[in-house]
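Note sheet for the following structure.
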Amino acid sequence: MKNQIIVSLVAVSAAFITGCGTDAHYVETGGNRNIVSVGQINIQDYIQAADTMTGELLASGALGRVKNPPAILAISRIVNNTGNQIDTDLLIKKIRVALLQSGKAVTTTTFGLGGQSEDPLAKQMQQTTHPADFSLSGKIIQLNAGAGDTKQATYSFQLSLTDTQGLAVWEGEKEITKQGTRGGIGF
Amino acid sequence: MLAAALAVAGCHNSMNSVQNAQQVGQRTMISDQRVISDTGLARKVGVVGINTVTTPGGFLKVQAELLNQTGSLQTFNYRFEWFDLNGMQISDSASAAVAAEINGGESKFISAVAPTEAAKDFRLKLILGK
């Protein structure tokens with residue numbers, strides 16, 4: 001009898017720890033139930049900035065003005081001027097994927113800033129070199145403001161597409177402003 | 001009295017506007033199909049009309065004119081979805097619900113560019129914000 005009680009208690013405890021002790025759940029990435037933080041860039045901000053700027057870049061037709069389409073893109077420096085440590089690939093990778101899917105541009109992974117390649121093995125395997133048509137550089141800036149308990153942060157995502165003559169043939173900027181007294185869920 | 005006036009002024013967020021009478025640009029308006037499950041939302045963020053254009057890069061660009069028929073500021077989210085010739089939705093890795101605001105009585109344009117040249121149709125989703 002005593003053993004049965006102990007076994008039951010262990011089973012109930014295990015169920016509580018594994019199942020009932022958490023309210024973790026999935027939400028759609030970029031959806032309107034994502035957490036909104038004033039003090040940091042959220043995933044929906046990266047998605048929105050990438051979406052807007054990719055659309056503007058594709059609409060401009062700048063990538064189509066190359067001799068041998070699709071245009072070859074090299075990724076240059078993306079400066080982080082925010083107060084947070086961020087991985088700029090959260091922005092740039094989304095743009096790269098979207099541009100590749102558009103059929104208008106491919107990104108070189110064997111040629112990068114300072115002669116470093118993103119994929120060293122691909123660099124060793126490379127049999128023919130394709131000079132890049134464009135370099136993509138940018139900056140992410142954070143501007144804070146506050147009044148009383150209300151905090152506001154504006155994140156400015158800036159990108160420049162530079163051709164082989166050193167001319168910025170396309171430039172894009174997307175600003176996202178968030179305001180609140182603390183983090184919340186939804187827009 | 002002053003507090004009440006301030007409260008009224010603070011909540012009421014309407015807008016007046018002016019534009020040139022002889023509009024030079026001609027919008028190519030398209031006929032649309034609407035599914036309205038929230039009539040309140042349709043009044044707060046109503047779709048007046050939609051026009052499209054093909055960009056220099058060959059991509060479909062869609063612009064929607066929205067109208068807030070209420071007298072107060074409304075926040076909403078919108079998202080464009082894209083479909084190919086076969087009606088299949090085009091996976092768009094860089095697509096998020098965009099947060100936006102519209103003042104009372106304001107007419108506002110939102111637009112988006114298709115992610116590929118294969119995108120021929122679209123759907124605009126509007127969700128009321130908090």
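Chain letters run A, B, ... following the sequence lines, proteins first and then strands; every chain starts at 1. Only this structure's heavy atoms are used, side chains among them; waters, hydrogens and symmetry mates stay out. Computed from a predicted structure; not experimentally measured.
Contact annotation: the side chain of Val48(B) never approaches that of Ser107(B) to less than 4.5 Å [non-hydrogen atoms, C-beta and beyond]. Looking at Thr55(B) and Leu58(A), their side chains never come closer than 4.5 Å, going by heavy atoms from C-beta outward.
Distance check, rounded to the nearest 0.5 Å: NZ of Lys178(A) to CD of Gln40(A) gives 7.0 Å.
Of residues 109-124 of chain A, no residue lies under 4.5 Å from chain B by any heavy-atom pair.
Although no hydrogens or angles enter the test, the distance criterion places a donor-acceptor pair under 3.5 Å between the side chain of Asn34(A) and the main chain of Glu28(A).
Interface remark: of the candidates Ala112(B), Pro56(B), Gly58(B), Pro56(B) forms the most heavy-atom pairs closer than 4.5 Å to chain A.
Between Phe80(B) and Trp82(B), the angle of the ring planes stays under 30°, which puts this pair in the parallel group of the 30/60° scheme.
Pairs engaging residues 35-51 of chain B under the salt bridge (Lys or Arg N to Asp or Glu O under 4.0 Å) rule: none recorded [sequence neighbours left out].
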